There are 2 protein chains.
Amino acid sequence: MKSDFDALMQARNLDALLVLGSAEHNPPMYYFTGGGHVSAAALIKKRGETPILFYNDMERDEAAKTGLPTKSFSAYPFMDLMKEAGGDQALAGAIRFKRMFNDLGLMGGRVGIYGHVELGSAFGMLTHFQRIAPEFELVGENGMDSVFIRAMETKEASEVERIRNMGRITTEVVRQTADYLTSCDVREDEVLLNEQGQPLKLGEVKDKIRLWVAERGAELPEGFIFAIGHDAGVPHSTGNPEDLMRLGQTIVYDIYPAEAGGGYFYDFTRTWSLGYATPEAQELYDQVRGIFNKLWEDFDLNVPFKQYQRITCEYFESKGHKSQLNTPAPTEGYVHSLGHGVGLNIHERPFSGLMTGDDQRLAPGVVVTSEPGLYYPEKGMGFRIEDTFWVRPDGRMEMLADYPYDFVLPMKKWKK
Amino acid sequence: MKSDFDALMQARNLDALLVLGSAEHNPPMYYFTGGGHVSAAALIKKRGETPILFYNDMERDEAAKTGLPTKSFSAYPFMDLMKEAGGDQALAGAIRFKRMFNDLGLMGGRVGIYGHVELGSAFGMLTHFQRIAPEFELVGENGMDSVFIRAMETKEASEVERIRNMGRITTEVVRQTADYLTSCDVREDEVLLNEQGQPLKLGEVKDKIRLWVAERGAELPEGFIFAIGHDAGVPHSTGNPEDLMRLGQTIVYDIYPAEAGGGYFYDFTRTWSLGYATPEAQELYDQVRGIFNKLWEDFDLNVPFKQYQRITCEYFESKGHKSQLNTPAPTEGYVHSLGHGVGLNIHERPFSGLMTGDDQRLAPGVVVTSEPGLYYPEKGMGFRIEDTFWVRPDGRMEMLADYPYDFVLPMKKWKK
């Protein structure tokens, strides 16, 4: 929560935070600005003080909408800085930042730097800054353990409502997808047909999914997964658009829409087999469903998240699958970890990997996924079930969007 | 063009390029990979050699789709690196990159660093790298003048076709927007009414625009501009969603869709006044149209772009407006510069600012915008006309998408 910042900064001995870049698709800037359309901003927060947003004159109205105290970059005329820097833009930028800090009463100290930006320019400027302002120490925190990721780890009620709303949109789109697929005609060779009577390609389905998300005013990263058969067995394969949709093959559908402009995400996966399932696929699905249900019963307040990863690995290994517990980087079986926090980042704290610390816990206020899966690309199949839930301050686990877990989706116009 | 890289690297004495980050929404990585769904990659290009893509095992299929030579990060087991680094993730990353360079036969030298990434992690890793590998010099090039922006400045024919296709999509959506607005019913007080007979809000129109872009498989940055009245007079105001759509007010509509996943952009602006225009607005529009046409006739092969910015400033000043020529940072009149290159970045070389170098020219192969405008927020009006054109290798200027320049759009169901 935002109220955690000053304590986090104190614990890490940070005197100030510097956030660079646009307010869109830039979680640290979004977190403070609320995601206004400020494209080339900088934000400085001194410990114990409210952040100040620096903006370009052309964006003064957008900067004002953030509600933060603001200051125009034009207070530091760029032409003068360029003269002083002998025409070196990176050095001019460094001089400007030194003045900005000084004008806020910061004459030195440890400054954490953040933001999703173009690395070359930022690195060039910061290298000059360190040279001309050795009284400052610039700190590049690990993005998976920064004061931002720590502060963002526990959500305020207003953030949970935004994630819940994305969950509603997500499950609406998933329902629409299931309705569409199960309504298709089916050819003799079990290939689905589209509205024009042509074989339905996976890419067509993905295009519809994108549109259904857009119709609801949300955005969908290109990397969302709708994969069938072999590709369903490769966890991060997004699916081959030329694949034909067929009965009896596993479909992994992992969709994570966000509020437009790079806001809060939801994360969700279902695995389907249209019309019927092979006995082997049904058995593996039942195993994934089994551990998913067991975990849902077991999740408990303040337990380290990795403990559930261990339980999941043990369960899958007891069924004869490989997992990270005893196989480094397995490429089949249970190949990933159980879940992760969800917020302005699709992956954020707490993480569940076996190597994570005990401080990554199901603490009150975290929002996390649970997503066990099994992957057998050589067998042409893969499975994953994923929901996002909120660890309520009262200690209860609340699924933020409900959706059925049916594996076989009966076709409306086809029977085995 | 990609074939320019080795000469550019030679000229800047760069032995290698290191690109970090995802292939999506990351122009340097997109340029080499073609925009595959590789989320946490690194790409190293030695001078004179083909780039190599490093990927995580989970994304092996997506990495293979790029057509680049690839290598898995698993060749550098992270657990071993973490042990060696005493648990410091940034240091472990630095050790890994040193080994990756060495394994490619790079034992030292100047390495340019690029990529749109989370700054903290990258900066932390690079700081360690510089310490443990002083035989390397890391170079943070200015993002507006890097070897990438230079190589990307002139487009191959295949890139122009992708930009042209986005131009087709853009003008289709603009036509659809004009059709929608001019078909609306109009209330007695000149407020447009939506399908439900309610006052039409600007935000509703923006939602439709987003959807129309999504229906065509493209993506639209949140910051696109559809602004009326006062907000039309603030160049980067995106428009207030609560504003009501009214007759006789200037509407600035600046739309720049891109291929999904962060590919090639198109950039386009029209200014409209629905039903009728005030005489003052008509006069200012005619001035913008006048200089737009004059520039279109004047553009000539290999002329420095800033020369046209000067012509535009002089023209507007001759009509009594302020411009950057004689007013630093004007907030009304002609307040910005004339245009910019368009490609994988919405703003790229060549630029037209008065301070830019003579090397930013209308060289064969560049794709640029021309976008003169006038801004009077206190009068509640603003104007801009923008098209994107290609300087063909044969020296002709080719507009990449045609669209009419009407200022007053007659309403189908309303007459003055």
Side-chain angles (χ1 to χ4, degrees), chain A residues 20-21 24-25 35 37 39 56-62 74 77 79 82 89-90 112-127 138-146 207 210-211 214-215 217 219 221-223 231 234-238 260-262 328-329 331 335-336 355, chain B residues 20-21 24-25 35 37 39 56-62 74 77 79 82 89-90 112-127 138-146 207 210-211 214-215 217 219 221-223 231 234-238 260-262 328-329 331 335-336 355:
Chain A
L20 299 177
E24 293 182 39
H25 297 102
H37 305 302
S39 68
N56 287 307
D57 273 342
M58 298 236 292
E59 302 185 326
R60 59 185 181 280
D61 288 8
E62 298 297 323
S74 65
M79 290 197 194
M82 281 294 272
Q89 200 162 325
I113 56 169
Y114 312 88
H116 202 81
V117 297
E118 204 280 306
L119 180 58
S121 296
F123 186 76
M125 185 277 284
L126 295 171
T127 303
L138 299 179
V139 180
E141 289 200 276
N142 175 351
M144 292 292 126
D145 189 42
S146 68
D207 287 346
R210 285 192 193 94
L211 190 57
E215 281 175 352
E219 64 183 27
E222 266 304 285
D231 288 353
V234 181
H236 274 203
S237 170
T238 58
T331 55
V335 305
H336 53 66
M355 306 281 290
Chain B
L20 299 178
E24 292 183 40
H25 297 103
H37 306 302
S39 68
N56 287 307
D57 273 342
M58 297 235 294
E59 301 185 326
R60 61 186 181 278
D61 288 8
E62 298 297 323
S74 65
M79 290 196 191
M82 281 294 273
Q89 199 161 326
I113 56 167
Y114 311 89
H116 201 81
V117 298
E118 204 280 306
L119 181 58
S121 296
F123 186 76
M125 186 276 285
L126 295 171
T127 303
L138 299 179
V139 180
E141 290 200 276
N142 174 351
M144 291 292 125
D145 189 42
S146 67
D207 286 345
R210 284 192 194 95
L211 190 58
E215 282 175 349
E219 64 182 28
E222 267 303 285
D231 288 353
V234 181
H236 276 203
S237 170
T238 57
T331 55
V335 304
H336 53 66
M355 305 283 289

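Per chain, numbering begins at 1; letters A, B, ... match sequence-line order. No experiment lies behind these values; they were computed from the predicted model shown.
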Where does [X] contact chain B at under 4.5 Å (heavy atoms): side chain, backbone, both or neither?
X: A:S74; answer: neither
X: A:A260; answer: both
X: A:D207; answer: neither
X: A:V117; answer: both
X: A:L20; answer: side chain

Looking at B:G261, B:G112, B:P77, which makes the most heavy-atom pairs under 4.5 Å with chain A?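 The candidate making the most pairs under 4.5 Å is B:G261.
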Identify which of B:S146, B:G115, B:S237 forms the greatest number of heavy-atom pairs closer than 4.5 Å to chain A. B:G115
Any idea which of A:N56, A:D57, A:D61, A:T127 has the most non-hydrogen atom pairs under 4.5 angstrom with chain B?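 The option with the most such pairs is A:D61.
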Against chain B, work out which of A:A122, A:A90, A:A214, A:G143 has the most heavy-atom pairs shorter than 4.5 Å and name it.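 If we count pairs closer than 4.5 Å to chain B, A:G143 comes out on top.
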Does some side-chain heavy atom of A:Q89 sit less than 4.5 Å from a side-chain heavy atom of B:D145? no
Test log, rule side-chain contact (heavy atoms from CB on, under 4.5 Å), inputs B:L126 and A:L119: CA-CA 11 Å; B:L126 295 171; A:L119 180 58; 4.1 Å; yes
Measuring from A:M82:CE to B:M355:CE, what's the distance to the nearest 0.5 Å? 6.5 Å
If I take atom CG from residue A:D231 and atom CD from residue B:E62, how far apart are they, to the nearest 0.5 angstrom? 8.0 Å
Compare every heavy atom of B:E118 with every heavy atom of A:E141, then report the nearest pair and how far apart it is. O-OE1, 4.5 Å
How close do A:L211 and B:E215 get, heavy atom to heavy atom, and via which atoms?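 Looks like CD1-CG, 3.2 Å.
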Under 4.5 Å from a heavy atom of chain A, the part of B:M79 involved: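 For B:M79, the side chain is the part near chain A, not the backbone.
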